[in-house]
Amino acid sequence: MRKTGFYPTLAAITALAAGIAVAAAETPTDFLQAYAAEAKTADHRFAGFSAERGMKFFTATHGGEWSCASCHSQTPLQPGQHAMTGKAIAPLAPAANPERFTSASKVEKWFRRNCNDVLNRACTAVEKGDILTYLLSLKP
Amino acid sequence: MPQHALNTLNNSAALIMAAALLLWSTAWADAKRFTATDPAWKTECGSCHVPYPPALLPAASWRAIMSGLNQHFGTDASLEPQIAARITAFLVQHAGRDRGSTHGQPILRITETAWFKHEHEEELPAAIWSHPAVKSPANCGACHTRAADGDYSEATLRVPR
């Protein structure tokens, strides 16, 4: 009896460890899949992301003072500069900076803050997916 | 008093003065090198600007700043509550002396403290703040090349021309 009880526990630990490993090492594609699922739930007519829409969104000011490009540069393969403080910002495109879009907590934090600064609201899943698709289309 | 006793007295006085000078210069150097650090503070506060040393503002100022991060000098700098609480505790623990407030409100900008004005207004041309490489007085690292490590000493100062 004790032995049979041991194996499910071990299996649970293994599954948990695998889950943690996945959470700790996300890839940009993981985010794209999550945004696609969210977009489909919000609107069943969702037909995929667009790099072109993403680029337009990235460079537009959306009625406010800033665009994404104000801090992340018009060419996100290059470093940006914070619009207020002048601090250098590492490139946003994953091809130029492999650390980008590898941590769910960071991605969530920065979309929350920056969409609020640029659009005065949260970004939708389609908008986030379009931006990421655009950024992934950039190659040095 | 015999001559040798006077000599001893003179030597002692010189020694005390030298010690005092050394202490004073060490204190001065320390005032320009900030050592208090915390990983969350360094990462979070340091992502949009140099992580400003806690000693540069009093505790009341840090509390006020940390309670309004969603509207932080024109940008949303909101944090997870537990991370914000940890950073607030660090800032308050290492905060500077309260040198008075303006109209009963805590000073929210380091640039508005008497200390900052004294250190920056006397020798610098006003145009330095609009220099393309500087852009803002918030950009300490533009001149204090080791500011990210808390080093604001003269030796690491490079004012762009």
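Order of the sequence lines fixes the chain letters, A, B, ..., with proteins taken first and strands second; residue numbering starts at 1 for each chain.
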B:Leu57-B:Phe90 co-clustered via ILVMFWY side chain contacts under 4.5 Å: yes
Side chain / backbone / both / neither for A:Ala90 at chain B, heavy atoms under 4.5 Å: neither
Tell me if the CD atom of A:Glu99 is crowded by more than 12 foreign heavy atoms within 6.0 Å. no
Within one Ile-Leu-Val-Met-Phe-Trp-Tyr cluster: A:Leu135 and A:Leu119, side-chain cutoff 4.5 Å: yes
Value for NZ (A:Lys109) from CG (B:Asp76), rounded to nearest 0.5 Å, stands at 11.0 Å
Side chain, backbone, both or neither of B:Glu44 within contact of chain A (heavy atoms, under 4.5 Å): side chain
Determine the minimum heavy-atom distance between A:His82 and B:Lys135, stating which atoms define it. O-CE, 4.0 Å
Group every Ile, Leu, Val, Met, Phe, Trp and Tyr by side-chain heavy-atom contacts under 4.5 Å, then state whether A:Met84 and B:Ile65 land in the same group. no
Do the side chains of B:Val92 and B:Phe34 join up, straight or via other hydrophobic residues, at under 4.5 Å, putting them in one cluster? no
Side chains of A:Arg112 and B:Ser78 only: does a donor on one sit below 3.5 Å from an acceptor on the other? yes
Do side-chain atoms of A:Asp117 reach the backbone of B:Thr75 as a donor and acceptor pair under 3.5 angstrom? no
Just by distance, do the side chain of A:Thr85 and the backbone of B:Cys48 share a donor-acceptor pair under 3.5 Å? yes
Select one option (side chain, backbone, both, neither) describing which atoms of B:Pro137 are under 4.5 Å from chain A's heavy atoms. neither
Segment of A:Gln81 engaging chain B (4.5 angstrom heavy-atom cut-off): side chain
Flag the pair A:Arg113 / B:Leu79 as yes when at least one side-chain heavy-atom distance between them is below 4.5 Å, and no otherwise. yes
Joint hydrophobic cluster, B:Val134 plus B:Phe116, side-chain heavy atoms closer than 4.5 Å: yes
